[in-house]
Amino acid sequence: MAEIIDLVLLAMLALTALRVIFLKDLFAVVMLFGIYSFLSALIFVNLDAVDVAFTEAAVGAGISTVLMLGTLALTGRKEKPSKHSSFLPLVVVFVTGAALIYGTLDMPPFGHPDNPVHEHVAPRYIEESPKEVGLPNMVTSVLASYRGFDTLGETVVVFSAAVGVIALLGVRRKEEGETPESGLKEHHVLRVVAKLLIPLVILFALYVQFHGDFGPGGGFQAGVIAAAAFILYALVYGLPHSFAVIGPRFLQILAPIGVLLYAGVGLFSMYKGGQFLDYNMLAEDPIAGQHYGIIIIELGVGITVFAVMLSIFYAFASQAERSNVQ
Amino acid sequence: MVEQHLSVLPILLPLLAAPIAIIIGRSYLSWMVATIASAGAFIFSWQLLLAALSEGVISYAVGGWPPPWGIELRVDAANAFVLLAVSSVSTLVLLYARDSIQKEIDQSQHALFYTAHLLCLAGLSGILLTGDAFNLFVFLEISSLATYTLVSLASDRRCLTAAFRYLVMGTIGATFILIGVGMLYMKTGTLNMLDLAERIHVYDSSRTINTGLAFIMVGVSIKLALFPLHAWLPPAYTHAPSAVTAFLASTATKVAVYVMIRFIFTIFGAEHVFHEMGMDIILMVLAIVAIFKCSYMATVQSNVKTVLAYSSVAQIGYMVLGISLVSVTGLMAGMIHIFNHALMKGALFMAVGAVFYRVGSVDIKAFNGLGRQMPLTMAAFTLAGLSIIGVPLTVGFISKWYLVTAALEQDQWVLAGLVLLGSLLAVVYIGRILEAAYFQKLPDNVDASKIKEVPLLMLIPMWILVLANIYFGIETSITTEAAGSAAEWLFQHTRLPEVAQ
Amino acid sequence: MLLLDIISSILLIAGVFFGLSGAIGLFKFPDFFTRVHAASVTDSIAAILIIGGLLLQTSFDLNTAKLLFILLFLMITSPTASHALAKSARHGGLLTLAENKVKKQEHTSHG
Amino acid sequence: MNFILDYYNYWIVVFLMMAGFYIVISANNLVKKIVGLNIFQTSVFMLYISMGKVSGGTAPILVEGVTQYSNPLPHVLILTAIVVGVATTAVGLSLIVRIKRAYGTVEENEFENKDDAI
């Protein structure tokens, strides 16, 4: 049964990808990408990767699509027909694809429990992590503890993205003159519903943040969801109102603080005599130490991701407003 | 305390300083933070190199989880040596950047510049020190994202398209590496490099592993701008701010060369890559084509930064040529050239940045008559240029010497001749610029009194690099010892092809 | 137990039917407003039926509560989204089929 | 038949990757290039997740009485990779916005004509 669902979803993905190649309407291309992302999230669920599916749905279908639409609003939605010959790219793709297919021929069969991937490193994560780290969600254990250094790197990547976007688009300064009343003034229904939903979305973000140890979720997803709540607010009520709640300057401080919080846990464990990010040192009882460590670093991730996603949105939205003024 | 954590500190220092620099937000203060962090990383990497030379291998288990379950930092002579080059150039560039970016980057973006620089340094150090194949990808992306930002900070609009092209190429490269690592993981069930090396032998003839190897090699080749995948490099180096070009040209591609060495020698084993897959021939041909094609391209450009950018691609050719010879001397020549090229290109791009600071252009015509107006800068340019050519008593000569020796060891007379011929092309492209500087007159419409030497803070780092060019060209024992033991170490810990023994 | 399963299957199949018919309507209907109508109305009923069917499959624990929450939010958001879409189109100056017809007639009678 | 059952997943994923890769290298419009890059990367993620799947296993969250779990490690890697992907997308898109402002176009061949080579 799982295989059939898998196959149907994969076929739909293939159709979507093919459609993207030939469409010239970029708006449709971006929407199809959103669909592509949602479909792959479904495949991830079907392949037991619930955390990944959650993230893909929030990021790929959510944030990425919003950013792409924001870009389209500034750059126009039609792709011009090109005189490019598509021969060379086609050759490159065929060669690469052939190499990959050749590579698949010796791959371990799909889904077999005795594949090498499941034998060498992974068994310890599955069998020992509930005892060593003390969390039922193994993905969180591996993410935050065994491979905590990767996750620190991931947080820094997000932070670098914010540095890049702010450097490129800047944050609008006050003195740049009057901005038109933005937001959706006429949409009373939207305004009421948004007012109703935003607190619930933030509540849900907090649930995802702190429930990540037991179920799918964690700092990253929570940060994205919380940012989405404020994005909704900014869209419906207008940027100036949103700036009044959380200003871009404040976010610029908040994003690095998350990174510092994460690295700070590592430094503290070094001070306590362990290796960098060794949570066992944080408390008398190693399991308790792991708990403290994971909660704090997940919080750091959540803070950084929230601040970065929101400031990236602010940067794009300010650009859109500026171009509206002109 | 410090000694125990020596391997993680060079990554951690810039990583912690970057958020602090952006919180401070003031140009001067964040410059201070960045310089101190980078200097600290330099000191630690110096100690790390000494420790690695005496102890062999230093393993550090992040999070206290033993490898292969946790992430391991693994330091040996090879990566400590490259790390030293990276952190020293980074510190000098930061000193230089203080004045240099005043003319090229808007005041409000200085803090962002320093933050991005620190992130790039942290990423590069992470790539060098990590012993985990996936962790390498993460740090690769940190440094790449920071690099795209740095390139796009310049005021010329062309930097944007250059940065975009770099972003697309770089991401394709990184994704290829991701595919390759995935295939290795699929067959072996581990991501730790040492563990991979131990387990990969069983699958030598596996199509999956070989495809993985091919994808990693192509991905890394994009990152190190190996001909013909170098198209992103000349525009990016030409249009980035001078301080950024000086930093990137002397570090980013070199780190990618190191990654290639690491994958070939430590993970796959030289025997497999070179003997069974025949990659040495491919690399050698590409390297030679890169040397000649790009040296030629360098001779016909009118923008001096572009000249030097093409020269960089050619110099990368020399490094890859050293690797492709599959001998201790060849690898050593490649490693020495990583270090030496950082010294010479750093100095050259700093000198060009100094010209931009005063003249406001880096077209070859802008160099007319500068020999008299900016004697110190042009003297630095001349000496570093001689080093690129490979004149005796400079580091460039040392690199070429070992490369030719390695070629002659295998009776490759033609190859040795080609290396020397490549130097002739360097004479042409460096000579054109020197000719303009010393034998042309300052254009009449330029006010000679305005073109004078640049501030001391720009001159000092430039001259430190130039003097290093000469110092390490005469006192060769330090670099040859470090590079030699790195190369020997790599060869001892790999499976050798029979031909080289 | 069997009875519950049968009811649940019926609900699910009905839900799928409405979902599909909405999708077909989206393709077949002539203009924007009719399409929004096709998508939104069937979407709501399909969501109710499908989640209702799923509710019967649970053992009435935490998952049931979660499903009910999902239903509640869908009931709020999906009509709002359709409303916002239609309203924006209206503001943008899009006319319904009937209005277009009237306009055309006026046009022809004048000309 | 078994052969196909064992590998169909990988083959379709390879097809998806190549579709994305083709969009990246053939598209002239920069936004479409970024979309292609995302499709390429998402498909690579699917390759990783496919290899972590164990037939008959469940999601790697400890539940009483379940012994067969799918492999959590690829999930962790891909979580990280998704984040890296969105970071690259954000920087790429803001570059596009700036290119539009500087050149007035986001079609590659058009702005290439506006500057000299290099």
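The chains referred to below are lettered A, B, ... by the order of the sequence lines, with proteins before strands, and numbering in each begins at 1. Owing to the predicted nature of the structure, the values given are computational and were not obtained by experimental measurement.
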Measure [X] against the heavy atoms of chain D and call it side chain, backbone, both or neither at under 4.5 Å.
X: A:Ala162; answer: neither
X: A:Tyr146; answer: neither
X: A:Leu23; answer: backbone
X: A:Pro123; answer: neither
X: A:Pro130; answer: side chain
X: A:Asp114; answer: neither
X: A:Leu26; answer: side chain
X: A:Ile63; answer: side chain
X: A:Thr104; answer: both
X: A:Leu105; answer: both
X: A:Ile312; answer: side chain
X: A:Asp51; answer: both

Can you tell which part of [X] gets under 4.5 Å to a heavy atom of chain A, answering side chain, backbone, both or neither?
X: D:Lys100; value: side chain
X: D:Ile99; value: neither
X: D:Ile39; value: both
X: D:Phe21; value: both
X: D:Thr58; value: backbone
X: D:Val31; value: side chain
X: D:Tyr69; value: both
X: D:Ile23; value: side chain
X: D:Val91; value: both

Which atom of A:Ser64 lies closest to which atom of A:Phe33, heavy atoms considered: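 Smallest interatomic distance, heavy atoms only, reads CB-CE2, 4.0 Å.
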
Side chain to side chain contact (heavy atoms under 4.5 Å, CB included) evaluation trace for D:Leu79 with A:Thr151: CA-CA 9 Å; D:Leu79 273 177; A:Thr151 311; over 6 Å; no

If you count heavy-atom pairs within less than 4.5 Å of chain D, which of [options] leads?
options: A:Val163, A:Val92, A:Val29, A:Thr75; result: A:Thr75
options: A:His118, A:His112, A:Glu3; result: A:His118
options: A:Val157, A:Leu100, A:Val142, A:Val139; result: A:Val139

Working for side chain to side chain contact (heavy atoms under 4.5 Å, CB included), residues A:Leu168 and D:Leu95: CA-CA 7 Å; A:Leu168 281 163; D:Leu95 274 171; 3.7 Å; yes

Side-chain heavy atoms of D:Met46 within contact of A:Phe44, under 4.5 Å: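 Yes, at least one pair of side-chain atoms sits under 4.5 Å.
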
